[in-house]
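Step one of this worksheet: look at the structure below.
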Amino acid sequence: MSERFHIFDTTLRDGEQSPGCSMTTPEKLRVARHLVEMGADVIEAGFPIASEGDFQAVRAVCREFPGAHLAALARAVPIDIERAAASLDGHPRPRIHCFIATSEIHLRYKFKKSQQQILEEAVAGVELARSFVDDVEFSAEDATRTEMDYLCRVCEAVVDAGAGVVNIPDTVGYMTPEDYAAKIARIVEAVGDRAEVSVHTHDDLGLATANAIAALHAGARQVECALNGIGERAGNCSLEEVVAITMVRPDRVPFRTGIDATRLYAASRALAECITFGPQPNKAIVGSNAFAHEAGIHQDGYLKHRTTYEIMTPESVGVPSSQLILGKHSGRHALAQRVEELGFGLLDRASLGTVYEAFTRMADTRKGLTDADITALLERLGLERVAVAATAA
Ligand code: KIV
Ligand code: ZN
């Protein structure tokens, strides 16, 4: 039986604070609606101290989604915590997410403070946050480069002070899965069942999702992630990847979310329309090539049985359909199917050979051929439509 873990979405906070991703209030409301409808457990709506606009955006998300579990970020300083509390005021399910950096690097260069001072500030921050709301999450920024005994002491102290969730961010994306899992296991042991252990991974080494999955095996029960994997620098752990992994590999990853995966693609598209870029074409799950096949061997296999080259159906993650892209690597099988779909009928072997030869000559000069290119080619070769065209793949 798989175990349920929580999805904490930070698209509207960590995601939003990366270059090209800032969102207006209506844009945040649009993305938040997708997150609410897909079933994200907690939605981090913003960092209210950052600007008046972000404060107002968090307020608007609270007004629009009274049933959602909403978080606002704050440094462990009174001005931030009071602002986060004010932004969430009146909302039925508020969480203050309070953080302070704990690594020696940050203590020495950023704060010029001792471990004891930071520990005290962390505890004071959590206590102040708890004076406003019952649900407080604490994050030890740069936790993964923090000396382990000290990190355990900080986690225990903030739990004593009232934090219900302790988050162990790999702020700079430095972890490998084994390394991260070992650290998470230590924290789970230290806090026991007094708090939920959360993970927050960054993708600087391309390991954000792998690290989050390793952390689940080590006992974490909240994963922080963002749509399309947006976030600081190389991004955050991608929400759609985590969800898809639990669906496709329950044998190896026996954990489940409350996310309706069929809503992933629409949410990804909506986010792309709100920020300045979409996922790269080869992005897992939601990229435009994620269910597209161009190579002849792959197209032939796919047409014989789609499981030859697809480990999930596009529909299972809300992508309308797979696509067969016709290009210089494509084969006769896919070309014949497209010719038929375009209404030119089933070609006999000789005609297909002629069309295929002309097609490969044309494909050699282009990066993929559109239906219009193929129709023009067929007409040039003297073929005529024999039926009303079916919908092309
Ligand atoms: O990466 C990080 O450390 C963060 C914290 C504020 C949670 O985003
Ligand atoms: Zn982060």
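Atoms considered below: every heavy atom in the structure, side chains included; atoms not considered: hydrogens, waters and symmetry mates. Atoms within a ligand are numbered from 1 in the order they appear, just like the ligands themselves. For clarity, every value in this text was computed on a predicted model and none was experimentally measured.
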ask   = Are Glu3 and Arg221 close enough, and set up right, to give a salt bridge (Lys or Arg N to Asp or Glu O under 4.0 Å), and what steps lead you there?
value = CA-CA 9 Å; Glu3 221 178 302; Arg221 287 297 174 267; 2.9 Å; yes

query = Would Phe65 and His91 count as a ring pair (Phe, Tyr, Trp, His ring centres under 6.0 Å) if you check the C-alpha gap in whole Å, the side-chain angles of each, and the deciding distance to 0.1 Å?
reply = CA-CA 9 Å; Phe65 304 104; His91 185 69; 9.3 Å; no

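Salt-bridge annotation for Arg13 and Glu232: absent, with no side-chain N of the basic residue lying under 4.0 Å from a carboxylate O of the acidic one. A salt bridge links Lys283 with Glu240; the closest basic N to acidic carboxylate O contact falls under 4.0 Å. Between Asp142 and Arg145, at least one side-chain nitrogen of the basic residue sits less than 4.0 Å from a carboxylate oxygen of the acidic one, meeting the salt-bridge criterion.
Under a cutoff of 6.0 Å and an axis angle of 45°, Arg256 and Phe5 do not form a cation-pi pair.
For Asp14, the N/O/S atom at the shortest distance from the Zn ion (ligand 2) is named OD2.
In this structure, the side chain to side chain donor-acceptor pair (under 3.5 Å) partners of Asp260, at least two apart in sequence or on a different chain, are Thr262, Arg263.
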Distance dump, ligand 1 polar atoms to protein, N/O, under 3.5 Å:
residue: ligand 1; atom: 1 (O); partner: His200; partner atom: NE2; Å: 3.2
residue: ligand 1; atom: 1 (O); partner: His202; partner atom: NE2; Å: 3.1
residue: ligand 1; atom: 3 (O); partner: Thr171; partner atom: OG1; Å: 2.6
residue: ligand 1; atom: 8 (O); partner: Arg13; partner atom: NH1; Å: 3.4
residue: ligand 1; atom: 8 (O); partner: Arg13; partner atom: NH2; Å: 3.0
residue: ligand 1; atom: 8 (O); partner: Asp14; partner atom: OD2; Å: 2.9
residue: ligand 1; atom: 8 (O); partner: His200; partner atom: NE2; Å: 3.1

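Among the atoms of Glu224, no N, O or S atom falls under 2.8 Å of the Zn ion (ligand 2).
Here His202 contributes NE2 and His200 contributes NE2, and at the Zn ion (ligand 2) these two atoms make an angle of 100°, given to 10°.
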